[in-house]
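Scroll down for the structure; my scribbles are underneath it.
In what follows, chains carry the letters A, B, and so on, assigned in the order in which the sequence lines appear, proteins first and then strands, with residues in each chain numbered from 1.
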Protein chains: 2
Amino acid sequence: MGTQKEIARRAGVSVSVVSAVINGTKHTRMSDETRARVEAVIEELGYVPNDAARALRRQRSGTIAVVVEKIENPIYRDMFHGIYDAAEARGWAVVLGDARWMRSGSHFLARLLGQGSIDGIILRSEGLVDDEVVAHLRARPTPVIMVEGRHGLDGRWLAIDDAAAGRVATQHLIDLGHRQIEFAGGERWVPTVERHRGYADAMRDAGLEPRDAIRTGYGSQAGTEALTQIIASRRRPTALVVNNVLSGLGLYAAAHDAGIAIPDDLSVVAIHDADIADDLRPPLATVRMPMAELGARAVEAIAAILEDQSTRFGLVDDPAPVLLPRASTAPPPSSPRPW
Amino acid sequence: MGTQKEIARRAGVSVSVVSAVINGTKHTRMSDETRARVEAVIEELGYVPNDAARALRRQRSGTIAVVVEKIENPIYRDMFHGIYDAAEARGWAVVLGDARWMRSGSHFLARLLGQGSIDGIILRSEGLVDDEVVAHLRARPTPVIMVEGRHGLDGRWLAIDDAAAGRVATQHLIDLGHRQIEFAGGERWVPTVERHRGYADAMRDAGLEPRDAIRTGYGSQAGTEALTQIIASRRRPTALVVNNVLSGLGLYAAAHDAGIAIPDDLSVVAIHDADIADDLRPPLATVRMPMAELGARAVEAIAAILEDQSTRFGLVDDPAPVLLPRASTAPPPSSPRPW
DNA sequence: CTGAAAGCGCTTACAG
DNA sequence: CTGAAAGCGCTTACAG
């Protein structure tokens, strides 16, 4: 370990030279011999810079935080990847956290909001963060980019094109010949509202009557709730668009329990792709979203803010959402079985 | 924002007093009136301490990092929770990261290993971390606790009682009357080896002949591979213990594809519980492990090391693994269908 | 081309 | 009981 001071002493130079060798700064007008001597001592001691001292001096930590609501949700995988790659390219480290930890008074929150250890925050929350925490976020200079949610602080939000995703999913079902198509996903969360809007647009364009969204909670339970509500109603759609892969999982379970066959009785498409879609039986058709690009854009937005440059917020619509067909969809039954 | 210096100026006191007010230190022999004035200015400015300066001065950041291999694996949920709670109780913030980011030269790794920003690391890896990175880990003073893996650096590892889990899972199947029971999970990773050992012990205790583990990869694919191998063999077990819930998911898919009914043809128990076990059909019987306790113990171990106290490493066996029965198991078929 | 010095914002031992 | 000062380890403007 050791410090630059110690290296300087051992190499017989000043700390300015040591710092220059480490950082490759212009101060670098030193003889090759001096540089080599310094590098040898650095190697010998296994010197590593003290990040706290650096951050204090540079007024920048080189670390950004990503906070999401349920970190185990598989849909984040690509986003994390996109964020990580973009951050590494800029020389930043990424740390992850769970939105459930953002409680007023938590040390996690203190670290996020304190000066010095986190340069920027990428936040994805379905609304869990309470008003007091939001007030803190607003009061601090640390830039916060909201992803997948259109209520970004100071308009700083980025989202995928959820309406397009809803449209793509619905269009696929229309193309298969379905006319009784519904959408499940609740209305509280903005992306869901957008997806439902895309569903409704596709329906209208095809001369079909869109229905209100089937309001549900989130997670796998949403799928279960959706089917329960449908069964309780007099409606018998032949196809369903659900909010995400986990909802699809819950829907599969409920369909199994109710003796409803997928896709023979009911076709299903889920927004968002994830590995597990391939492991379900039947494999679940999904809409792949540009999550990696969303993550990369969020990193760029933080960089722009820190450098006082302007940046474009809003929709990340390239590449466009694309349907990944799998066996959970089929043409509607010619003579529907009653269920 | 502002600094203590600015607060001191506005409140007409010295920075020592400001610091004392903020930290509640003994220096605290100040009049109530002084304290109130300082607090008012702190409030007014929305002052937040600079963590980098603190970390530099205290030689401690108050942040620990948790690095796991596939952060979206649902089995980590409870462990993260246990870590978070224990860390908060100690006044520490927790940050998460993915083991795939621990590449030599990555800025993420630099932040982990550098002095100043991370006080300790909890690492869970199936072996992804390459030798060069391990060498770095060893060379730095930052304590690293290996969880679920018995090759901890300097013997600093903690693991759940995988052998007991294997035993519990197997015993449940034996109790149901199964005699042809197999274990799937590969042999590369130590916990799997332990689970297989527990399986073998339970079998022997029941006077049954344990079989070698069916070697597979990891993740959902493991379940698929296991069934493929069984089908290719002449063996027809009536029950199977799989390494985790994701493997169970893959096994379900493979069983469906092969026309094998669970549990009628084949009973299944998975090590590790996760929410999705309830969403599968049939719901998947699992063994719940003390993951939250494992996480809490890892935090305590870091604390002990930092405080130069001794601490106990090894197995976290309280509470013991417990079987959560679900519909994926049943007595063996009286007259097995051929498959 | 290289070194001495200031200062980032904090905590704390010390002097008064 | 309170203030002035040192120092954590770094970077960088400045002097030589």
What residues 110-120 of chain A contributes to the DNA chain C interface at heavy-atom separation below 4.0 Å is none
Expressed as a whole number of angstroms, how long is the span from [X]:[atom1] to [N]:[atom2]?
X: B:Glu6; N: C:dG9; atom1: CD; atom2: P; answer: 10 Å
X: A:Lys5; N: C:dG3; atom1: NZ; atom2: P; answer: 16 Å
X: A:Ile42; N: D:dC10; atom1: CD1; atom2: P; answer: 10 Å
X: A:Arg9; N: C:dA4; atom1: CZ; atom2: C1'; answer: 18 Å
X: B:Gln59; N: C:dG9; atom1: CD; atom2: P; answer: 19 Å
X: A:Leu56; N: D:dT12; atom1: CG; atom2: P; answer: 13 Å
X: A:Arg57; N: D:dC8; atom1: CZ; atom2: P; answer: 17 Å
X: B:Glu33; N: D:dC1; atom1: CD; atom2: P; answer: 16 Å

Out of D:dT11, C:dC8, D:dT2, which nucleotide sits closest to the side chain of B:Val17?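 Of the options given, the side chain of B:Val17 lies nearest D:dT2.
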Which of these nucleotides, D:dC8, D:dG3, C:dG3, is closest to any side-chain atom of A:Val13? C:dG3
Where along residues 47-55 of chain A does a heavy atom come under 4.0 Å from DNA chain D, residue by residue in number order? A:Tyr47, A:Pro49, A:Asn50, A:Ala53, A:Arg54
Any residue meeting side-chain contact (heavy atoms from CB on, under 4.5 Å) with B:Glu72, in chain and number order, not counting sequence neighbours: A:Arg77, B:Lys70, B:Arg100
Dot-bracket, 5' to 3', for DNA chain D please: Watson-Crick or G-U pairs under 3.5 Å, [ ] where pairs cross earlier ones, | where the partner sits on another strand, dots elsewhere. |||.||||||||.|||
Compare all side-chain heavy atoms of [X] with those of [Y] and state whether any distance is below 4.5 angstrom.
X: A:Val66; Y: A:Val95; result: no
X: B:Tyr84; Y: B:Glu88; result: yes
X: A:Met291; Y: A:Glu148; result: yes
X: A:Val316; Y: A:Asp318; result: no
X: A:Ile42; Y: A:Ile22; result: yes

Donor-acceptor pairs under 3.5 Å, side chain of residues 293-310 of chain A to any protein atom, not counting sequence neighbours: which ones?
residue: A:Arg297; atom: NH2; partner: A:Arg312; partner atom: O; Å: 3.2

Below 4.0 angstrom from OP1 or OP2 of C:dT11, is there any side-chain N or O of B:Ser19?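 B:Ser19 to C:dT11 OP1/OP2: side-chain N or O found under 4.0 Å.
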Side-chain N or O of A:Thr3 versus OP1/OP2 of D:dG9: is the shortest distance under 4.0 Å? no
Which residues share a side-chain hydrogen bond (donor to acceptor under 3.5 Å, both in side chains) with B:Thr142, sequence neighbours left out: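 In terms of side-chain hydrogen bond (donor to acceptor under 3.5 Å, both in side chains), with neighbours along the sequence ignored, B:Thr142 is linked to no residue.
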CD1/B:Ile145 to CZ/B:Arg156 distance, rounded to the nearest 0.5 angstrom? 6.0 Å
Of the non-hydrogen atoms in B:Val67 and B:Phe108, which two are nearest, and what is the gap between them? CG2-CZ, 4.1 Å
Less than 3.5 Å apart, any donor N or O on the side chain of B:Arg54 or B:Asn23 sitting next to an acceptor on the other?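 Side chains of B:Arg54 and B:Asn23: pair found under 3.5 Å.
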Please check if the number of heavy atoms outside A:Glu43 that lie under 6.0 Å from its CD is greater than 12.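 Not more than 12 within 6.0 Å, no.
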Sugar-phosphate only, base, or nothing, as touched by A:Gln4 at under 4.0 Å among non-hydrogen atoms: base
